[in-house]
Amino acid sequence: MNSKIVDHSKIPDLEHRNFRNDDFWKEIPGWSSVTRGEFADHMWQLKNSVRKVAQIKKLLGDTVSKEFIADLESGLHTTPMNIRITPYVFSLIDWKDPLNCPLRKQFLPVGSQVIPDHPMHMADSLSEDDDSPVPMLTHRYPDKVLFLPLTICPVYCLYCTRSRVIGGSTESVEKETYGANQKYWDDVFEYLMNSPKVEDVVISGGDSFMLNAKQISYIGENLLKIPHIRRIRYATKGIAIFPQKILTDDAWVKALSDVHKFGRSLGKQVVVHTHFSSPREITKWTQMAMDRLFSEGIIVRNQAVLQDGVNNHVDEMVLLTRQVGYLNIQPYYVYMHDMVPGCEHFRTTLREGVELEKAVRGTTAGFNTPTFVCDLPGGGGKRHVASYEYYDEENGISVWTAPYVKPGKSFTYFDPIHKLSPEAQARWADIPTREAMIIEAVKKAGY
Ligand SMILES: *Cc1c(COP(=O)(O)O)cnc(C)c1O
Ligand code: SF4
């Protein structure tokens, strides 16, 4: 990537206001006669979710090559994530060139793009399990917690940071996936009741779109009733990959809206955090869904994950930022990819993250500009990409601290090896040399 010199004149000024509104799903042979009304129905979307290669073959017929299908089948042997895609996303994939399509890359694994994991990768890269005082809860920061009430989602993202638990076992990973199991939630509420420092709860997972209306209310009301809790956020990729639910699942939207009103009556914030990664996910459907949430007064923020070939280009990132901003979604974070298994081909160097941050800042309102962060492996928490203590760019080793979260401790993050020079790659291949390089970098950082 060469974003060091960005020619902003090349970025079309008003492109971010054009939202696709054609019957794009009719290009999929299996859905050529599906009407707009059917496509808008959230039950139709769920029922027709794509989960098997046989289904993909049937839907696409001759429009997809045998080579691509074979590539997909080989990808399934190693991927940690099962296939699950809504018809909305499936039909937005560029089926004329699926290998290079940023949407296909996020949801359908192909064997030809898999590369070996980084030697320092970890299944629980962020040490969420170590910082867990009760099941389904991670309590790392003093005043905020992460609550995982379920581990299923309406789509499965190949880059998922929680691939160790989300979305059911695959050929390569055994998982203890759980649906919305209310039995354990009361223990979480009780723990929070007894944790007076906590003000902020992230309800993630898994995906809040898979909680039914009653569960949305149950969780929201129980959390808001705890006196010291001031802010809750429902996390869902749903707005990005399944806007039809916002448009036609009235019971769910009402439950969310009622929790929001209940929060407001107590002077507390209830917001939604979503997850758009590329402009290709955004259409007129997104705009209609956002208009509905906005009219309910619900604030939505976006968290994207930086992924090679998906959004690590300045034009894509600027367009995404402007587009979500235009839809009243506040860009909040762009994450460096976590060092989890099966994702090495997605990862970028820290330098790319730093350069993208520089290029995006200034293109739109400051409050609509995302902060680029690295969530430190080992549980140091999220840090601004340019706030490393030391960066050995040649060998792809950055050293970090987290003075408030883990005082006195240093953390390391590593660039993907395939993006380093051949000499550096050779150093990584030799274990003693690799270890010495890491120790040297930590020492240079003063640790
Ligand atoms: C990301 C995260 C939060 C929320 O952090 P914000 O920076 O406030 O978005 C809370 N707990 C854990 C464990 C997290 O990973
Ligand atoms: S929606 Fe979120 S939790 Fe679910 S697979 Fe995607 S990244 Fe993982």
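When a residue number appears, it is its place in the shown sequence, counting from 1. In what follows, every heavy atom counts, from backbone to side chain, and hydrogens, waters and symmetry copies are set aside. When a ligand or atom number is given, it counts from 1 through the structure's own listing order.
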Exactly one candidate in R347, K419, H418, H345 meets side chain to side chain donor-acceptor pair (under 3.5 Å) with D308; the answer is K419
With a 3.5 Å cut-off and no angle check, do the side chains of Y332 and N368 form a donor-acceptor pair? no
Under the criterion side-chain contact (heavy atoms from CB on, under 4.5 Å), which of L247, I246, D249 is the partner of H42? D249
In Å and rounded to the nearest 0.5 Å, what is the OG1 to CD distance from T412 to E389? 13.0 Å
Considering only non-hydrogen protein atoms, determine which one is nearest to atom 2 (C) of ligand 1 and report residue, atom name and distance to 0.1 Å. K382 NZ, 2.4 Å
Distance-minimising heavy-atom pair for L103 and R280: CD1-O, 4.0 Å
Kindly say whether the aromatic ring centers of W25 and Y88 come within a distance under 6.0 Å. no
For atom 13 (C) of ligand 1, what's the nearest protein heavy atom and its distance? T138 CG2, 3.7 Å
Any side-chain donor paired with an acceptor under 3.5 Å for N311 and E316? no
In this structure, are over 12 heavy atoms from other groups packed under 6.0 Å from L99 atom CG? yes
Salt bridge (Lys or Arg N to Asp or Glu O under 4.0 Å) partner of E199, chosen from R230, K268, R231: R231
Under 4.0 Å from any heavy atom of Y332, which atoms of ligand 1 are there? 6 (P), 7 (O), 8 (O), 9 (O)
Run the salt bridge (charged side-chain N to carboxylate O under 4.0 Å, His left out) test on D200 and R233 for me, step by step, so that the C-alpha distance in whole Å, both residues' side-chain angles and the decisive distance to 0.1 Å come before the verdict. CA-CA 8 Å; D200 193 323; R233 358 176 175 163; 3.3 Å; yes
Would you say K58 and Q55 are linked by a side-chain donor-acceptor pair, where the criterion is simply a distance under 3.5 Å? no
Residue, atom name and distance, where the atom is the protein heavy atom closest to atom 7 (O) of ligand 1: Y333 OH, 2.5 Å
Protein-side N, O or S atoms sitting under 2.8 Å from atom 8 (Fe) of ligand 2 are C160 SG
State if H139 counts as touching ligand 1 under the rule of any non-hydrogen atom under 4.0 Å. no
Under a 4.0 Å heavy-atom limit, does H273 contact ligand 1 with its side chain, its backbone, both, or neither? neither
Before signing off on this row, confirm whether K144 and ligand 1 have an N or O atom pair separated by under 3.5 Å. yes
Option whose closest heavy atom lies nearest to atom 7 (S) of ligand 2, chosen from H275, M210, Q106: H275
What residue and atom, counting heavy atoms only, is the protein's closest point to atom 12 (C) of ligand 1, and at what distance? Y141 CE1, 3.6 Å
With a cut-off of 4.0 Å, which atoms of ligand 1 are near a heavy atom of R233? 4 (C), 6 (P), 8 (O), 9 (O)
